[in-house]
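The shown structure was predicted, so the numbers you read here are calculated from the model rather than taken from an experiment. Sequence positions, counted from 1, serve as the residue numbers for this chain.
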Amino acid sequence: MEVDDVSVREQLFHNKVRETFICVLLFTCLYILSYLILTHFKKNADYITTDDIEDATVNKIALWLCTFTLSVAVCAVLLLPISILSNEVLLTFPHSYYMQWLNGSLIHGLWNLVFLFSNLSLVFLMPFAYFFTESEGFVGCKRGVMARVYETAVVLLLLTLLVLGMVWVGVALLNNTARESLYDVWECYLPYLYSAISLFGVLLLLLCTPFGLSRMFSVTGSLLVKPGLLENVEVEMNCATFEEASLSRKLNSGSRSCRTTVDVEPLRMQFLSVQAKRIALQMRRRASPWQRNLFYPLAMLLLLALTVVCVLMVCFHVLELLFDETAMPRGMGDPRLGTASFSMFGSLGAAVQVVLIMYLMVSSVVGFYSSPLFTSLLPHTQDTNLTQIIGNCVSLLVLSSALPVFSRTLGITRFDLLGDFGRYNWLGNFHIVFLYNILFAGLTSACLINTLTWTVQRELIRAFGLHKLPLTVSRTTIPLKLLLANGLSKIQ
């Protein structure tokens, strides 16, 4: 009997070591990827060590904290896809020796680690990084990195006390009771704080994702070569080349003459615009017929299909909420992977769920950076300062950590939330969940209809050459016969 207990303990110890090694390996890979991404966008002037070693050291430490936060955000995005795919792999290979490392304990541990590190980054690491870069040390103290650390720690402590005091007042107003023990801080105030942060992230996704789903069409269209059915690319390219040469001569003559910078600057901006147009037309002329006439329609149809599928799944989930209590998002204590598929269509449905989750995340990021409130946070290659990097890491972490709750609330997947993700207070409120689904379906449908109608109208106007008409001419008053004649002449 003692031998069996020893063998069981050894087996548990080996499993724990194996899970720890897998988590560390995964996080190391994500950390390296995040560091490469941040170094691609960061401004190199902030990290030069020749002028001020102290500032350069502070910026490097802040960059390491931002890298950690971004890696946690990427891991939060991959939580649901990894969990869904792991379940399907275990269903396909139930007795495979090479899949013994993939189990519910590993997946549950990943969810708990992501929840812990995401809250640690939001509450402590990112505020510490911001105050650390802005600190200079207390007056009268010796300058150095440690002086900045002391000042940052004091400021962060005061901010923590302020936030906890506000949460205490809010809980007291809602429950009409005042809690005083330290144990209640861990069991009551922090869950309320985490629930408020998650609710803010899910509401941010509600606003950004429908707008991002509509913006995905224009973003994808700018990356692909559009078909030119009603235009002559060769003629437009020759016109752009002649206009570019004319502007180049004017700029050269202006630089040799006594013109001021105010007179030359509009010409230079116009020259750059025409040059970019000429390069785009040149790329379109070099594109193959398959790339010109097939890739763009297929990409637009794929985006439309994914968006429509998302809306239909949310509408179906609304009906489920009315008649089935199990459709409510809830937490799962013991993840029994490999027992049943989380999709009624089997592995194909699980693959569609993974694609939709990743598509929603990309759309939310596009919508976030396209909104007027957050356009200033958009990173630029080798020209993003440290404050912008911190803001981007915080924003991406808020969006990504709310993605599992967002996907489960909308019914995109039937995989229940693991760990502390399912402990949020508002997840059990039927009215909040139902209203959230209705708002998402309505906003996404409205944005999609608006985008498609305006896109079709704009493409028709551009294809028939009506965008070149003077502004005094109303395009709505043009006869249909003239419009068709103009289009047929362009086709011929």
Side-chain angles (χ1 to χ4, degrees), residues 34 37-38 40-43 66 69-70 73-74 76-77 199-226 273 276-277 280 296 299-311 314 355-385 387-403 405-407 409-410 412 436 439-459 461-462 467:
S34 302
I37 294 174
L38 291 183
H40 176 73
F41 288 104
K42 71 180 179 65
K43 185 182 294 184
C66 292
T69 302
L70 184 60
V74 177
V77 173
L199 182 60
F200 172 76
V202 173
L203 290 178
L204 188 62
L205 283 175
L206 176 63
L207 297 177
C208 295
T209 306
F211 181 55
L213 290 173
S214 62
R215 283 283 299 163
M216 286 292 292
F217 293 90
S218 58
V219 171
T220 306
S222 63
L223 299 176
L224 298 177
V225 178
K226 297 181 181 180
S273 176
K277 179 181 178 182
Y296 181 80
M300 294 296 108
L301 289 176
L302 179 61
L303 292 179
L304 181 61
L306 291 175
T307 307
V308 171
V309 169
C310 286
V311 175
V314 174
V355 173
L356 290 178
I357 291 171
M358 301 303 294
Y359 177 60
L360 288 176
M361 184 61 200
V362 174
S363 302
S364 65
V365 173
V366 172
F368 177 80
Y369 286 114
S370 300
S371 60
L373 295 177
F374 306 105
T375 306
S376 58
L377 285 177
L378 184 65
H380 301 281
T381 304
Q382 303 296 322
D383 193 27
T384 307
N385 56 40
T387 304
Q388 286 181 313
I389 289 178
I390 295 174
N392 279 279
C393 291
V394 171
S395 303
L396 293 177
L397 182 58
V398 170
L399 293 175
S400 60
S401 60
L403 181 65
V405 183
F406 175 74
S407 303
T409 304
L410 293 179
I412 303 298
Y436 190 88
L439 287 177
F440 179 83
L443 289 176
T444 304
S445 302
C447 292
L448 183 62
I449 293 173
N450 184 49
T451 299
L452 289 179
T453 54
W454 279 104
T455 301
V456 171
Q457 181 180 356
R458 185 174 62 251
E459 291 298 327
I461 291 175
R462 184 185 63 84
H467 63 288

Compare every heavy atom of [Y] with every heavy atom of [X], then report the nearest pair and how far apart it is.
{"X": "T409", "Y": "Y436", "answer": "CG2-CD2, 4.0 Å"}
{"X": "C447", "Y": "S214", "answer": "O-CB, 3.7 Å"}
{"X": "F374", "Y": "Y369", "answer": "O-CD2, 4.2 Å"}
{"X": "Q388", "Y": "S376", "answer": "NE2-O, 3.0 Å"}
{"X": "T375", "Y": "S371", "answer": "OG1-O, 2.6 Å"}
{"X": "L356", "Y": "C310", "answer": "CD2-SG, 3.5 Å"}

Inset, instruction - Dump the intermediate steps for side-chain contact (heavy atoms from CB on, under 4.5 Å) on L396 and V365, then the final yes or no. - result: CA-CA 8 Å; L396 293 177; V365 173; 4.2 Å; yes
Atom [atom1] of [X] and atom [atom2] of [Y]: how far apart are they, to the nearest 0.5 Å?
{"X": "N392", "Y": "L378", "atom1": "CG", "atom2": "CG", "result": "7.5 Å"}
{"X": "N385", "Y": "I390", "atom1": "CG", "atom2": "CD1", "result": "9.0 Å"}
{"X": "L306", "Y": "L360", "atom1": "CG", "atom2": "CG", "result": "9.0 Å"}
{"X": "L303", "Y": "S363", "atom1": "CG", "atom2": "OG", "result": "8.0 Å"}
{"X": "F440", "Y": "S445", "atom1": "CZ", "atom2": "OG", "result": "9.0 Å"}

Inset, instruction - Run the numbers on I412 and I357 for side-chain contact (heavy atoms from CB on, under 4.5 Å), then give the verdict. - result: CA-CA 7 Å; I412 303 298; I357 291 171; 4.1 Å; yes
Inset, instruction - Tell me, please, which residues at least two apart from T381 pass side-chain contact (heavy atoms from CB on, under 4.5 Å). - result: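 Per chain and number, T381 pairs via side-chain contact (heavy atoms from CB on, under 4.5 Å) with H40, F41.
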Legend entry - Qualifying residues under side-chain contact (heavy atoms from CB on, under 4.5 Å), relative to V77, sequence neighbours excluded: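 Listed in chain order: M358, M361, S400, L403.
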Show me the donor-acceptor pairs within less than 3.5 Å that the side chains of residues 203-212 make with the rest of the protein, sequence neighbours left out.
unit_1 : atom_1 : unit_2 : atom_2 : d
T209   : OG1    : L205   : O      : 2.7

Legend entry - For T444, the option from I449, T307, V314, V308 that meets side-chain contact (heavy atoms from CB on, under 4.5 Å):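 Testing T444 for a side-chain contact (heavy atoms from CB on, under 4.5 Å) against I449, T307, V314, V308 leaves exactly one candidate, T307.
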Would you call [X] and [Y] a side-chain contact if the rule is heavy atoms closer than 4.5 Å?
{"X": "L448", "Y": "L213", "answer": "no"}
{"X": "L38", "Y": "C66", "answer": "yes"}
{"X": "F217", "Y": "L304", "answer": "yes"}

